[in-house]
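Below is one structure, written out as structure tokens, with a few remarks after it.
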Amino acid sequence: MNSTIALQNTGSGSNANLVLYSFCQSSCSWRIRFALCLKGIPYEYKAVDLSKGEQYSPEFERLNPLHYVPVLVDDNVVVSDSYAIFLHLEEKYTQKPLLPVDPQLRALNLKVASIVHSGIQPLHMLNVLKDMEKMFGAESKPWAQFTIDKGFSALEKLLKDFAGTYATGEHIYMADVFLAPQITQAVQRFDIDMSKFPILSRLYETYKALPEFQASSPQRQPDYCIHNPTASGSAI
Ligand SMILES: N[C@@H](CCC(=O)N[C@@H](CS)C(=O)NCC(=O)O)C(=O)O
């Protein structure tokens, strides 16, 4: 891509057909990196440095006019938004399914992912918190903690009768893909007291031990760099 703001191609380049535009610390990007790892799909990683405003470059705007990562380019198909990308991957790449066939479990997975995707993360994303502080002059962390607490309380209730080793039983599915980065962010960035959420706490321990989760973590991405002042290691 030709641009004054270079979208850095930092990936392994093992599959030119699939390109993921990602920022190492983006929890939304992490969902897709995790799903790709679990499915064993190789992809090319293109870094979009949100701290430098690369999401506003003209070429990235052509991929996603909303200026958010992640974006997946799959041959000539451009998919933005982690929920849409996840479903695209699930439909096209059928190996290691991340959605169960059972209608009740499938609905539960869609619901849990949707709560994280629409009911928690958008309310505390970095730009929202920054805008809140600018407009109201108030510290935004308590708001973030409130929204996460509310979402996590609902998730505990929803998962109570289903959770096993993973969120909806003994198999890792979509719910886990969306929960894992969100719980990590809650713990590492927002200091959420996880003792109130025993199921999510237990799942977090399981996720941390998974090689696919570790491989998709911010620290293991090619654009994770210590000279970046925002690169504290916690997802945004
Ligand atoms: N619903 C979108 C949300 C994407 C999103 O919030 N991305 C954040 C990073 S996690 C972003 O790109 N922020 C850039 C900005 O706020 O300028 C998704 O699930 O992909």
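Counting starts at 1 for both ligands and their atoms, following the listed order. These numbers were taken from a predicted model, which means no experiment stands behind them.
- The atoms of ligand 1 that sit less than 4.0 Å from any heavy atom of N127 are 15 (C), 16 (O), 17 (O).
- Between F178 and Y83, the ring-plane angle classifies as perpendicular under the 30° and 60° cut-offs.
- Which parts of ligand 1 touch H117 is read off a 4.0 Å heavy-atom cut-off, strictly below it: atoms 1 (N), 19 (O).
- The line from CG of D75 to CG of L18 is 7.5 Å long, rounded to the nearest 0.5 Å.
- By the criterion of a heavy-atom distance under 4.0 Å, neither the backbone nor the side chain of F178 is placed next to ligand 1.
- Counting protein heavy atoms only, atom 3 (C) of ligand 1 is closest to C28 SG, 3.9 Å.
- A tilted orientation is assigned to the rings of F213 and Y207, their planes being inclined by 30° to 60°.
- Ion pairing between a basic and an acidic side chain is recognised when a charged N comes within 4.0 Å of a carboxylate O; E156 and K196 show no such pairing.
- The protein heavy atom nearest to atom 6 (O) of ligand 1 is Q121 NE2, 3.1 Å.
- Checked by distance only, ligand 1 and S27 stay at 3.5 Å or farther apart across all their nitrogen or oxygen atoms.
- Among the atoms of S26, none of the N or O lies under 3.5 angstrom from an N or O of ligand 1.
- Put simply, no part of F23 is less than 4.0 Å from ligand 1, judged by heavy atoms.
- For ligand 1 and P70, the ligand atoms under 4.0 Å from any heavy atom of the residue are 20 (O).
- Of the candidates S82, A84, S51, P181, it is S82 that places a heavy atom closest to atom 18 (C) of ligand 1.
- Between V69 and ligand 1, a contact under 3.5 Å exists for at least one N or O pair.
- A cation-pi arrangement, defined by a distance under 6.0 Å to the six-membered ring centre and an angle within 45 degrees of its axis, is present between K208 and Y204.
- Distances below 4.0 Å separate heavy atoms of R31 from the following atoms of ligand 1: 19 (O).
- The OG1 atom of T206 sits 9.5 Å away from atom CD1 of I183, with the distance rounded to the nearest 0.5 Å.
- Ligand 1 has an N or O atom lying under 3.5 Å from an N or O atom of D81, backbone or side chain.
- With L155 as the partner, the side-chain contact (heavy atoms from CB on, under 4.5 Å) test is satisfied by one option alone out of L203, I199, I120: I120.
- With respect to H67, the ring-ring contact (aromatic ring centres under 6.0 Å, His included) criterion is satisfied by exactly one of Y21, F60, F23, Y56: Y56.
- Ring geometry, W143 versus F146: the interplanar angle falls from 30° to 60°, so the pair is classed tilted.
- Distances below 4.0 Å separate heavy atoms of Y56 from the following atoms of ligand 1: 17 (O).
- For atom 17 (O) of ligand 1, the closest non-hydrogen atom of the protein is Q55 NE2, 2.8 Å.
- Donor-acceptor pairing under 3.5 Å is lacking for the side chains of Y68 and D81.
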